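Report on the structure given below.
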There are 2 protein chains.
Amino acid sequence: MALRHAVLAALLDGEYSGYQLAKAFDVGVANFWYALPQQLYLELAGLERDGLVAGRRVVQETRPNKRLFTVTAAGLAELERFAVAASKPSFIRDDLLVKVQAIDRIGAEPVIAQLEERAAVATGRIEVFGKLLQRLRGDETEERYLRDGERIGPYLTCLRGREFEQGHHDWCLRTAELLRSREAARAER
Amino acid sequence: MALRHAVLAALLDGEYSGYQLAKAFDVGVANFWYALPQQLYLELAGLERDGLVAGRRVVQETRPNKRLFTVTAAGLAELERFAVAASKPSFIRDDLLVKVQAIDRIGAEPVIAQLEERAAVATGRIEVFGKLLQRLRGDETEERYLRDGERIGPYLTCLRGREFEQGHHDWCLRTAELLRSREAARAER
DNA sequence: CTACACATGTAAACGGTTACATGATTAT
DNA sequence: ATAATCATGTAACCGTTTACATGTGTAG
């Protein structure tokens, strides 16, 4: 049960509905995990069944009713247990890297295009993360916020998320350029 | 079928047995994917059934017999098809990030220890990648190798692998230090 | 004689993705 | 009218992980 703890951690910052959580997880604002809406509704149901989160129904007139969830004491205890246990190592698993691995034996153009598209997507994400970081630290400098802030967890994971995207972006662009220049050299011969 | 193409791409560099592949995938020398031995044996069986790889039995006297696999023409065509199709975006999914996200509400010590351990593991991997890169480029400079080399796919993915590990390493250490100094400040009060 | 490296698999359980399903309100 | 946003779920499928299973040769 992997999503479990990610959802619990996300709910530490306040009450969220399945729908709100889904948006955060989907866009990647949740910089430490990713999940589809369906999975979240399922997981929230399971968490509630096990008493780790509590949901309260909010009746809305103009919009459909929704359910807002909070972490219970048992949920926090579960997170605590999870944090003490060993983490499994994180690995890269990326279709695009597989394609680049094979690049010398397959057509390069489609892969180059995908690398450039990825870089563009990453640029967007970097901006999103940047804004989130600004919002979290408010008026303070990063240094002071990290030293004195009360809730720095989301800031720290967001930093890693942004750096990951930056690294990914740079590599994609560099690789695309390199492959392009090799294609050009090939065409000349 | 995600492992499929990763295995095909890995087999482009020569004949490998399930066991040899497993080591590469397990240690992370295969910098673009990760898989356990069992899965590889299963996947190789499937790939052979579908005619995408061909296995030949090698009888050994001193060691158990083994089967070496090569990509067939059909396998290469499958890779080609795969490369043209859209790649799904890559996301971070990491237990340790979940723990850091929750850090303000749980005990920090075990998480700090895990961050430091991760950094140490990453240091090891960075070295492995560095050596692999050296071996791949031989006597040439990186620039020349990437411009004129015939098989640069593995080099490029390895570069990304190393940068990822470096980024991960730096973040883990920075975060661990920060959390330690906050713990120290907390203790003083 | 013990541990490690070589060598290959099967079966069950789990977690995540894809497809299916529904329906109201608001903005273009 | 049409598309987007709000809002919540179920079911089938696929891919990964964990546990089980076996056996030889080599180095310490």
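These numbers come from a predicted model, not from an experiment.
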Provide, to the nearest angstrom, the distance between the [atom1] atom belonging to [X] and the [atom2] atom belonging to [N].
X       : N      : atom1 : atom2 : result
A:Leu42 : D:dT10 : CG    : P     : 7 Å
A:Arg57 : D:dG9  : CZ    : C1'   : 12 Å
B:Leu21 : C:dG9  : CG    : C1'   : 15 Å
B:Glu48 : C:dT8  : CD    : P     : 12 Å
A:Asp26 : D:dA7  : CG    : P     : 16 Å
A:Leu44 : C:dG16 : CG    : P     : 14 Å
B:Leu40 : C:dA7  : CG    : P     : 15 Å
A:Arg93 : D:dC14 : CZ    : P     : 18 Å

More than 12 foreign heavy atoms under 6.0 Å from CD of A:Glu117: is that the case here?
->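 No - once you tally the heavy atoms of other residues, nucleotides and ligands closer than 6.0 Å, there are 12 at most.
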
Is any side-chain N or O of A:Lys23 closer than 4.0 Å to OP1 or OP2 of D:dA7?
-> no

Do the side-chain N or O atoms of B:Tyr19 get closer than 4.0 angstrom to the phosphate oxygens (OP1, OP2) of C:dC6?
->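 Answer is yes, contact under 4.0 Å.
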
Just checking A:Arg4: base, sugar-phosphate only, or nothing, at a heavy-atom cut-off of under 4.0 Å?
->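 Contact class for A:Arg4: none.
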
If we ignore hydrogens and angles and just use 3.5 Å, is the side chain of [X] paired with the main-chain N or O of [Y] as donor and acceptor?
X        : Y        : value
B:Thr70  : B:Glu15  : no
B:Glu183 : B:Leu178 : no
B:Gln101 : A:Ala6   : no
B:Thr175 : B:Cys172 : no

Does the cation-pi check pass for B:Lys99 over A:Phe82, that is, NZ or CZ under 6.0 Å from the six-membered ring centre and within 45° of its axis?
-> yes

Cation-aromatic face contact B:Arg182/A:Tyr145, 6.0 Å, 45 degrees | no

Closer to the 5' end of DNA chain C via nearest nucleotide, is it B:Gly18 or A:Gln39?
-> B:Gly18

When you get a sec, tell me which of D:dA7, D:dT18, C:dT8 is the closest nucleotide to the side chain of B:Ser17?
-> C:dT8

B:Leu36 side chain: which of D:dT18, D:dT10, C:dG16 is closest?
->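 Per side-chain heavy atoms of B:Leu36, the pick is D:dT18.
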
Hey, can you pull the residues of residues 60-72 of chain A with a non-hydrogen atom under 4.0 angstrom from DNA chain D?
->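 DNA chain D contact set from residues 60-72 of chain A: A:Gln60, A:Arg63, A:Pro64, A:Asn65, A:Lys66, A:Arg67.
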
